[in-house]
2 protein chains.
Amino acid sequence: MSETSLKEKVYQELSRITHAISNPKRMELIDILSQKKHTVEELSKKISISIASTSQHLQVLKSAKLVETKRNGNFIIYSISDDSVLRLVSSVKELGFRKIAEIERLINDFKSDKNILESITLDDLFARSKKEKILLIDVRPAEEYESGHIKDAVSIPLDQLKKRLNELPKSKTIVAYCRGALCVMAADAVKLLQSKKFKAIRMEDGYVEWKLKQQEQN
Amino acid sequence: MSETSLKEKVYQELSRITHAISNPKRMELIDILSQKKHTVEELSKKISISIASTSQHLQVLKSAKLVETKRNGNFIIYSISDDSVLRLVSSVKELGFRKIAEIERLINDFKSDKNILESITLDDLFARSKKEKILLIDVRPAEEYESGHIKDAVSIPLDQLKKRLNELPKSKTIVAYCRGALCVMAADAVKLLQSKKFKAIRMEDGYVEWKLKQQEQN
DNA sequence: TTAGTATTCAATTATTTTGTTGAATAGTTG
DNA sequence: CAACTATTCAACAAAATAATTGAATACTAA
């Protein structure tokens, strides 16, 4: 009797974790925080709901220990609490991208809307970098790069790319990445570069995927 | 505009997956199905709610593509749809066992209630099996063993153990496993064996954990 | 075809969740 | 200390969820 009760409590606690990301806005919050720390106000703007609502969502995430807070001056900064959260989200995405026809359809629509053609994965990048000279560029906003980036990547935020083309070599293949499969910045960068006769290609994996891969190998 | 809308739809679909396991009963269903296929009626008994409710929960899981069905005679058999579901659940548990104080407390209560003392992990098992002679026994019900088991494990369901002690050697270390960290059968087996002067120890990982580990290595 | 049975559907009720607005709070900074 | 401000709390309405019971369905098997 007390046995089943204990068991039920454990399932209850476990489902509290998944409950925390069972809401689209909270899932989006976690995804945004995976890239970089943010204040409540910033997050509220990004997910387009009121500050009070955002705060409530963040508290759900916090009570499930998925995010943590730190004060900085007047602001409270939210961040992902642990890399195991990244793994959790990554496995949800894996399942979603693989099994849910609706998501596959959405991603294909997204790609064709944006004229996203060829792309490589992290594994492809490693393989190619052994055979040819590659320049890896991170086209996310500079703050996100500073908060963490793939080894050997150079920061060239998308909005600076046009002005900084002279920094880039025509002899190397340029690989651009941003926030992952659903981010359009790297594709835009590649389109610009290709129109200027650079050898450029998009990588669909981002910093988070690289970080998780690093850990696997240790 | 259509960009954010697409993004929102993706988060909505992703959260549908986590929503599916954001309920204790459904989490338990997935956990039960991780061991073995079941009919609706069997599942209903195991989670102690009505058949109609169980059916409805199963349909939520099915629409999120976490489980799938197959007819067998009069019965409809539910099973986990894909190993990526096991990975998802495993990452939820990892996060839960690591970060949620409440779960840690519950597990410790559980262990002390059951007098569960020493236990080893799969990694420990591999290491020890190179140094000494080990007999690995699977004490789950025979059906679960038949549905899948750790390589080289011998099936001795807990309720048969007493009668089959003569099959077991006193020279080897006996390692018993069942369904994982929250399953008490292996602990009971070890207690019985130790009282009969066997060298016995419990392994906290189960078949699911082993299966996921196998895949990692390929 | 008919009887039988496992499962699903429908309708209902109690409970929980989401998002809003406006007030309260806590902590910083001058 | 006092003013300021980012964040959280409280109260509410609308919507969604979980579980039950009883009826309907879909399939099997004789």
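Worth knowing before you read on, the calculation uses all heavy atoms, side chains too, and leaves out hydrogens, waters and symmetry mates.
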Okay, side chain of A:Asp124, backbone of A:Thr121: is any donor-acceptor separation there less than 3.5 Å? yes
Sub-4.0 Å heavy-atom contacts from residues 71-78 of chain A onto DNA chain C, ordered by number: A:Arg71, A:Gly73, A:Asn74
When rounded to whole Å, the CD1 to C1' distance for the pair B:Ile21 and D:dA18 reads 18 Å
Roughly, in whole Å, what's the span from CG in B:Leu61 to C1' in D:dA18? 14 Å
Between A:Ser119 and A:Glu204, does any side-chain donor sit less than 3.5 Å from a side-chain acceptor? yes
Nearest nucleotide by nearest heavy atom, which residue falls closer to the 5' end of DNA chain C, A:Lys25 or B:Lys62? B:Lys62
Worked verdict on B:Gln59 versus B:Ser63 for side chain to side chain donor-acceptor pair (under 3.5 Å): CA-CA 6 Å; B:Gln59 279 163 77; B:Ser63 83; over 6 Å; no
Between P of C:dT15 and CD of A:Gln12, the distance in whole Å: 16 Å
Check the pair B:Lys62 / B:Thr69 against side chain to side chain donor-acceptor pair (under 3.5 Å), numbers first and verdict last. CA-CA 8 Å; B:Lys62 192 181 178 185; B:Thr69 57; 3.1 Å; yes
Under 3.5 Å side-chain donor-acceptor pair for B:Asp31 and A:Tyr11: yes
With the threshold set at under 4.0 Å for non-hydrogen atoms, list the residues of residues 49-57 of chain B touching DNA chain C in residue-number order. B:Ile51, B:Ala52, B:Ser55
From CZ of B:Arg26 across to P of D:dT17 the rounded distance in Å is 9 Å
Is there a side-chain contact between B:Ile77 and B:Arg71 in this structure, where contact means two heavy atoms from C-beta onward sitting under 4.5 Å apart? no
Contact under 4.0 Å: B:Asn23 side-chain N or O vs D:dT17 OP1/OP2: no
Interface residues of residues 34-48 of chain A with DNA chain C (non-hydrogen, below 4.0 angstrom): none
Can we say A:Arg164 and A:Glu167 salt-bridge, meaning some charged N sits less than 4.0 Å from an Asp/Glu carboxylate O? yes
Round to the nearest Å and state the distance from B:Met27 atom CE to D:dT17 atom P. 17 Å
In the structure I gave you, are the side-chain heavy atoms of A:Leu86 and A:Asp83 within less than 4.5 Å of one another anywhere? yes
If only side-chain N and O atoms of B:Gln59 are considered, is one of them under 4.0 Å from the OP1 or OP2 phosphate oxygen of C:dT7? no
Side chains of A:Thr18 and B:Thr18: do they bring a donor and an acceptor to under 3.5 Å? no
Quick one: are B:Ile120 and B:Arg202 in side-chain contact, heavy atoms under 4.5 Å? no
Under 3.5 Å donor-acceptor, A:Ser112 side chain and A:Asn108 backbone: yes
